[in-house]
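Report on the following structure.
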Amino acid sequence: MTDYRLIEGKLSIEGAKVGIAVARFNAFVVESLLAGALDTLRRGGVDVADITVVRVPGAFELPLVLDKMAASGDYDGLIALGAVIRGSTTHYEAVADGCNKGLAQVSLEHSLPVINAVLTTENIEQAIERAGSKAGNKGSEAGGVLIEMINVVRQL
């Protein structure tokens, strides 16, 4: 017997409204992340009519769109999907850092689950592995994490 109150999420949900912002850059990877997220959300009980998908040019643009979505009050949680693949310049760091910091800021400022499923990889092979091959599908994982976090937040 425990003396404490335990709050934890389950992997199914009812009545959740979900927003997903999807970067078009590196679409050959990101579309697999979106398919995985949508599949997991549907399997977890989210009605497809309660899912909004917004497409943006790249990962750096995700925080602004998610901030607008969060400010609307229309969503119980949000997912960011994108892929930043290292190239031969330092642009990778600027985009990845800006995106990560912006997503964290949106979550904290709006007290809303914002799940970061923006891949940051060294090469194309690693990105493909994380979009549904060897390393699973990080979009699918993001869908499950979002369901769990919405459940947790609803209990607080």
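Values in this document were obtained by computation on a predicted structure and should not be read as measured data.
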TODO: May I ask whether Val46 and Val53 are part of the same hydrophobic cluster, defined by side-chain heavy atoms of I, L, V, M, F, W, Y residues being less than 4.5 angstrom apart, directly or through others?
DONE: yes

TODO: Assess whether atom OH of Tyr92 is packed by more than 12 heavy atoms of other residues, nucleotides or ligands within 6.0 Å.
DONE: yes

Open item on the list: Working note: Val48 + Arg42, criterion side chain to side chain contact (heavy atoms under 4.5 Å, CB included); need CA distance, chi angles, decisive distance, verdict.
Closed with: CA-CA 7 Å; Val48 70; Arg42 284 188 217 127; 4.0 Å; yes

- [ ] Could you go through the side chain to side chain contact (heavy atoms under 4.5 Å, CB included) check for Ile13 and Arg154 one step at a time?
- [x] CA-CA 11 Å; Ile13 199 160; Arg154 284 180 173 178; 3.6 Å; yes

Task: Side-chain H-bond candidate by donor/acceptor type, Glu122 with Gln126, under 3.5 Å - done: no

Task: Lys17/Asp76 ion pair, N-O < 4.0 Å - done: no

Open item on the list: Restricting to non-hydrogen atoms, name the atom on Ala59 and the atom on Ala23 that form the minimum distance, rounded to 0.1 Å.
Closed with: N-CB, 3.6 Å

- [ ] Check step by step if side chain to side chain contact (heavy atoms under 4.5 Å, CB included) holds for Arg86 and Glu93.
- [x] CA-CA 8 Å; Arg86 186 180 297 278; Glu93 284 89 5; 2.5 Å; yes

- [ ] Output the distance between atom CG (Leu64) and atom CD (Glu61), rounded to the nearest 0.5 Å.
- [x] 8.5 Å

TODO: Look at the side-chain heavy atoms of Ile, Leu, Val, Met, Phe, Trp and Tyr, link any pair under 4.5 Å apart, and say whether Leu38 and Val18 land in one connected group.
DONE: yes

Open item on the list: Apply side chain to side chain contact (heavy atoms under 4.5 Å, CB included) to residues Leu34 and Val30 and explain how you reach the verdict.
Closed with: CA-CA 6 Å; Leu34 176 60; Val30 179; 5.6 Å; no

Task: Euclidean distance, Met69 CE relative to His110 NE2, rounded to 0.5 Å - done: 12.0 Å

TODO: Determine whether Leu78 and Val22 fall in the same hydrophobic cluster, where Ile, Leu, Val, Met, Phe, Trp and Tyr are linked whenever their side-chain heavy atoms lie under 4.5 Å apart.
DONE: no

TODO: Of all the heavy-atom pairs spanning Ala16 and Ile150, show the shortest one and how long it is.
DONE: CB-CD1, 4.2 Å

TODO: State, to 0.1 Å, how close Ser32 and Asn137 come at their nearest heavy-atom pair, and which atoms those are.
DONE: O-ND2, 2.9 Å

Open item on the list: Would you compute the distance between atom CG of Leu112 and atom CG of Leu66 and round it to the nearest 0.5 angstrom?
Closed with: 9.5 Å

- [ ] Would you check if Thr52 and Tyr75 make a side-chain contact, meaning some heavy-atom pair closer than 4.5 Å?
- [x] yes

Task: side chain to side chain contact (heavy atoms under 4.5 Å, CB included) partner of Val84, the single match among Val118, Thr121, Leu119 - done: Val118

TODO: Report yes or no: does Asn26 contribute a side-chain atom to a donor-acceptor pair with the main-chain N or O of Val29 at less than 3.5 Å?
DONE: no

Open item on the list: Can you tell me which residue among Ile115, Leu33, Val54, Leu41 is in a side chain to side chain contact (heavy atoms under 4.5 Å, CB included) with Ile20?
Closed with: Leu41

TODO: Output the distance between atom CD (Glu125) and atom CZ (Arg130), rounded to the nearest 0.5 Å.
DONE: 11.0 Å

Open item on the list: How long is the straight-line distance from OG of Ser12 back to CG of Asn151, given to the nearest 0.5 Å?
Closed with: 6.5 Å

Open item on the list: Using a strict threshold of under 4.0 Å (side-chain N to carboxylate O), is an ion pair present between Glu31 and Arg55?
Closed with: yes

Task: Side-chain ion pair, Arg43 and Asp39, N-O less than 4.0 Å - done: yes

Task: Gap between atom CG of Asn116 and atom SG of Cys99 - 0.5 Å precision - done: 5.5 Å

TODO: Using atom types as modelled and distance alone, determine if a side-chain donor or acceptor of Asn100 lies under 3.5 Å from a backbone N or O of Ala96.
DONE: yes

Task: Hydrophobic cluster membership, Ile51 vs Leu11, 4.5 Å side-chain cutoff - done: no

Open item on the list: Can a donor-acceptor pair be found, under 3.5 Å and without considering hydrogens, that links the side chain of Asp67 to the backbone of Pro63?
Closed with: no

Task: Same cluster (ILVMFWY, side-chain, under 4.5 Å), Val95 and Leu81 - done: no

